[in-house]
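Report on the structure given below.
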Amino acid sequence: MKNEYHIILASNSPRRRELLAGLDIDYEVKVIDGVSESYPDDLPVRDIAGYIAAEKAEAYKAELTEGNLVVTADTVVILGDTVLGKPHDLDDARRMLRLLSGKVHHVVTGVCLTTKDKQRRFSVTTDVAFKQFTDEEINYYVDNYKPLDKAGAYGIQEWIGYVGVTSINGSYFNVMGLPVQRIYEELQKF
């Protein structure tokens, strides 16, 4: 893919790094510590990921030079009107998985592509249906994987996704944390 920008991925996520690398573009990872992931209480739940991605982009704007493009993203899991972010501890991870068990939830990733002069912001939503989990399955996943760094306490690319996802409507990669097909399209337009 021909690209006129030096791309900077603003994320510590190994999944996001892997996904962006799959586009066969050169990029650098640069992370500014302490960027807030808070949002106004009255913000509609479907707008939260985009809002946080834009806030992350704002933290990089002062450091951007001509020819640089920073990619910021945030992913949230939504069940009804409730946002499930990253769990606080293993008990919170179990609680989240029990909430998601047997239901359809929405995974929204907000993305900002930002240069010194312009910004393109968008969100991608994927609907995921889980089977009804047993307590043993939830405990196995929480005890053997690392749910604390994942929105909704799960990684679709891990064991819980293999055994639990009964259907998916939308981008699989979006559920992993980066809607790479849409990013590819947006970079082409940029």
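All figures in this text were calculated on a predicted structure; none of them were measured in a lab. Residues take their numbers from the sequence shown, with the count starting at 1.
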Under the 3.5 angstrom rule, does the side chain of [X] hit a backbone N or O of [Y] as a donor-acceptor pair?
X    : Y    : result
N174 : V107 : yes
K150 : K146 : yes
N68  : L64  : no
T126 : N169 : no
T109 : P179 : no
K56  : A73  : yes
E63  : Y60  : no
N144 : Y140 : yes

Original post:
Is there a side chain to side chain contact (heavy atoms under 4.5 Å, CB included) between I25 and L20 once you walk through the steps?
Top reply: CA-CA 8 Å; I25 57 175; L20 192 59; 3.9 Å; yes
Subject >> Under-4.0 Å salt bridge between E186 and R182 >> reply: yes
Original post:
Is D149 salt-bridged to K86, cutoff N-O under 4.0 Å?
Top reply: no
**OP:** Begin with the C-alpha distance, continue with both residues' side-chain angles, and end with the deciding distance and a verdict on side chain to side chain contact (heavy atoms under 4.5 Å, CB included) for D74 and V76.
**Re:** CA-CA 7 Å; D74 191 73; V76 296; 3.7 Å; yes
Original post:
When you look at E136 and N139, which way does the side chain to side chain contact (heavy atoms under 4.5 Å, CB included) test go after all the steps?
Top reply: CA-CA 5 Å; E136 291 80 17; N139 288 330; 5.8 Å; no
Give me the atom names and distance for the closest heavy-atom approach of [X] to [Y].
X    : Y    : result
G110 : A53  : O-CB, 3.4 Å
L100 : G152 : CD1-O, 3.6 Å
E37  : I52  : O-CD1, 3.3 Å
V142 : L90  : CG1-CD2, 3.7 Å
A153 : P87  : CB-CG, 3.7 Å

**OP:** I would like to know whether R98 and I138 meet side chain to side chain contact (heavy atoms under 4.5 Å, CB included); could you show each step before the answer?
**Re:** CA-CA 8 Å; R98 283 187 194 100; I138 289 171; 3.6 Å; yes
Original post:
What residues form a side chain to side chain donor-acceptor pair (under 3.5 Å) with R95, not counting sequence neighbours?
Top reply: D92
Subject >> Other residues, nucleotides, ligands: >12 heavy atoms within 6.0 Å of K118 NZ >> reply: yes
**OP:** Keeping to residues at least two apart or across chains, list the ring-ring contact (aromatic ring centres under 6.0 Å, His included) pairs with something in residues 73-124.
**Re:** H105-F130, H105-Y154
Original post:
What ring-ring contact (aromatic ring centres under 6.0 Å, His included) pairs are there with at least one residue in residues 9-53, not counting sequence neighbours?
Top reply: none
Original post:
Hey, would you say the F133 and Y141 ring centroids sit under 6.0 Å apart?
Top reply: no
**OP:** Would you check if there is a donor-acceptor pair between the side chains of R16 and T75 at a distance under 3.5 Å?
**Re:** yes
Subject >> R94: which of D135, D143, D89 passes salt bridge (charged side-chain N to carboxylate O under 4.0 Å, His left out) >> reply: D143
**OP:** Consider only side-chain heavy atoms of I, L, V, M, F, W and Y, link residues closer than 4.5 Å, and tell whether L69 and L178 are in one cluster.
**Re:** yes
Original post:
Would a hydrophobic clustering, with Ile, Leu, Val, Met, Phe, Trp and Tyr connected at side-chain separations under 4.5 Å, put I160 with F173?
Top reply: yes
